[in-house]
Amino acid sequence: MTQQLSEKDQFNLKKLNKVLRRQTGQAIADYNMIEDGDKIMVCLSGGKDSYTLLEMLSQLKAVAPINFDIIAVNLDQKQPGFPEHILPQYLDSLGVDYKIVEQDTYSIVKEKLQPGKTTCSLCSRLRRGILYKTAKELGATKIALGHHRDDMLATMMLNLFFAGKLKSMPAKLVSDNGEHVVIRPLAYCKEKDIEAFATLQKFPIIPCNLCGSQPNLQRQLTKDMLNDWEVNYPGRLETMFTAMQNVVPSHLADTSLFDFKSITKDSGVIDGGDIAFDKESFKQPASEQLANQVTADNEFYKQHQAVQITEVN
């Protein structure tokens, strides 16, 4: 790929690759995502995130002090016009082990879809079930998904706004059926970095025609809000993600996480006491240095066009 790029683009690609690989490696280490002897099933949708996930894991596998295997799995949901040849050709060119699973979930979703409703919930449940079954058949010990930092933040805001929960996508958890460990190695990676990387790598992106054009998709509206914050309030998303890693149960209101009932005057000052809003002594969302870096980053991303979508007649 790099041979087809200008020297400037090659430099930018190496820069992005280094950042993404470092962040992926750090997330894997922080959450102990991958262990010696693991067989990682990488869920490959044909989008920028899953392509980047596969690339990062492949690079880390080559230099890791432990041994683990990778197998890419794509679920062909039989959407009309889905370019079945693209992923096999791409994976063959990489020499990556893979499996294409064919299941007509598209017809099921379309049949059961109510007017005005989005398809994501039903589609996700069907897809998860098939992927869990495939992981068991392959003997995979871990299921790797391509969700990144911005996905995790959007999920937190969706739960806050619409579900009344402080909950997000975890970096590592047990699957819904209790039989697998699901990991998100891109948990520390920014979407704009992934998008720029995918553009420079010229990944053969396959659009999801089933859900990409839904007008009422709250997740997309929430991501648009976060993107607006990123532009107008540099550093805010970094602060929000840091907050997800610094939870203080004693200063929330969940009685199952903190024993409020047993507090007495003899309990002592807990986590700084009741001074949270005595005065607004908070730091700015970004220091002057961070703001300058974000401005520089924004200029860097403006140099590149959006991810090129592979259209198939």
Side-chain angles (χ1 to χ4, degrees), residues 15-17 19-28 30-31 33 42-57 118 120 124 144-163 165-173 182-201 203 205 207-208 211-212 214 217-247 285-286 290-291 293-298 300-302 304-307 309:
K15 174 184 174 182
L16 285 165
N17 192 95
V19 169
L20 291 169
R21 187 167 65 179
R22 175 180 56 79
Q23 291 173 337
T24 302
Q26 189 63 56
I28 289 172
D30 287 350
Y31 295 96
M33 292 185 187
V42 180
C43 298
L44 193 65
S45 66
K48 65 182 186 340
D49 305 331
S50 60
Y51 277 127
T52 300
L53 172 63
L54 179 62
E55 177 65 24
M56 292 299 108
L57 291 182
T118 57
C120 290
S124 295
L145 302 177
H147 299 119
H148 45 68
R149 182 205 68 172
D150 297 54
D151 289 324
M152 296 170 72
L153 288 173
T155 299
M156 181 178 71
M157 300 306 289
L158 283 168
N159 276 311
L160 179 65
F161 294 155
F162 303 107
K165 296 179 181 179
L166 284 175
K167 179 181 179 181
S168 181
M169 289 177 174
K172 178 183 178 183
L173 80 164
V182 176
I183 57 175
R184 294 183 169 93
L186 301 184
Y188 292 169
C189 299
K190 302 176 184 178
E191 183 171 26
K192 65 180 182 180
D193 286 345
I194 293 172
E195 183 169 358
F197 180 72
T199 300
L200 291 171
Q201 281 280 33
F203 290 140
I205 304 298
C208 178
C211 59
Q214 296 177 92
L217 200 59
Q218 289 296 343
R219 176 171 292 277
Q220 186 57 53
L221 296 176
T222 301
K223 289 183 70 173
D224 290 344
M225 177 190 72
L226 293 174
N227 290 335
D228 182 66
W229 285 355
E230 177 75 356
V231 172
N232 294 299
Y233 307 98
R236 177 173 290 187
L237 299 193
E238 282 81 0
T239 302
M240 290 173 63
F241 192 78
T242 299
M244 290 174 59
Q245 300 171 298
N246 290 277
V247 179
L290 178 57
Q293 181 60 50
V294 170
T295 300
D297 287 346
N298 286 341
F300 167 72
Y301 294 116
K302 287 178 182 178
H304 305 290
Q305 298 179 351
V307 172
I309 304 300

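These numbers come from the heavy atoms of this one structure, side chains and all, not from hydrogens, waters or symmetry mates. Since we're looking at a predicted model, the values are computed, not measured.
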Does some side-chain heavy atom of [Y] sit less than 4.5 Å from a side-chain heavy atom of [X]?
| X | Y | answer |
| --- | --- | --- |
| Arg219 | Thr155 | yes |
| Leu53 | Pro185 | yes |
| Met240 | Leu226 | yes |
| Ile28 | Leu57 | yes |
| Arg236 | Thr239 | no |
| Met244 | Leu153 | yes |
| Glu191 | Lys48 | yes |

| field | Residue pair Met56 / Phe197: nearest heavy atoms and the distance that separates them | value | CE-CZ, 3.8 Å
| task | Over all heavy atoms of both residues, which pair between Ala187 and Phe241 is shortest? Give the atoms and the distance, please. | result |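 Nearest heavy atoms, Ala187 then Phe241: O-CZ, 3.5 Å.
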| task | Please step through side chain to side chain contact (heavy atoms under 4.5 Å, CB included) for the pair Cys189 and Thr24, ending with a clear verdict. | result | CA-CA 7 Å; Cys189 299; Thr24 302; 3.7 Å; yes
| task | Sequence neighbours left out, what passes salt bridge (charged side-chain N to carboxylate O under 4.0 Å, His left out) with Arg149? Give chain and number order. | result |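 For Arg149, the residues satisfying salt bridge (charged side-chain N to carboxylate O under 4.0 Å, His left out) (neighbours in sequence not counted) are Glu238.
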Does [X] reach the main-chain N or O of [Y] with its side chain, forming a donor-acceptor pair under 3.5 Å?
| X | Y | result |
| --- | --- | --- |
| Ser50 | Ser45 | yes |
| Ser168 | Met152 | yes |
| Arg184 | Pro170 | yes |
| Asp228 | Asp224 | no |

| field | Salt bridge present between Lys190 and Glu230 (N-O < 4.0 angstrom) | value | no
| query | Any idea how Tyr51 and Phe203 line up, ring-wise: parallel (<30°), tilted (30 to 60°), or perpendicular (>60°)? | reply |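 It falls in the parallel class, under 30°.
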Once you round to the nearest 0.5 Å, how far does [atom1] of [X] lie from [atom2] of [Y]?
| X | Y | atom1 | atom2 | result |
| --- | --- | --- | --- | --- |
| Asp150 | Lys192 | CG | NZ | 9.0 Å |
| Glu55 | Ile194 | CD | CD1 | 12.5 Å |
| Leu200 | Glu195 | CG | CD | 11.0 Å |
| Met157 | Phe162 | CE | CZ | 10.0 Å |

| Would you say Leu166 has more than 12 foreign heavy atoms packed within less than 6.0 Å of its CG? | no
| task | Check each of Leu145, Asp49, Leu186 against Asp151 using the side-chain contact (heavy atoms from CB on, under 4.5 Å) test, and report the only one that passes. | result |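 That would be Asp49; it is the only one of Leu145, Asp49, Leu186 passing the side-chain contact (heavy atoms from CB on, under 4.5 Å) with Asp151.
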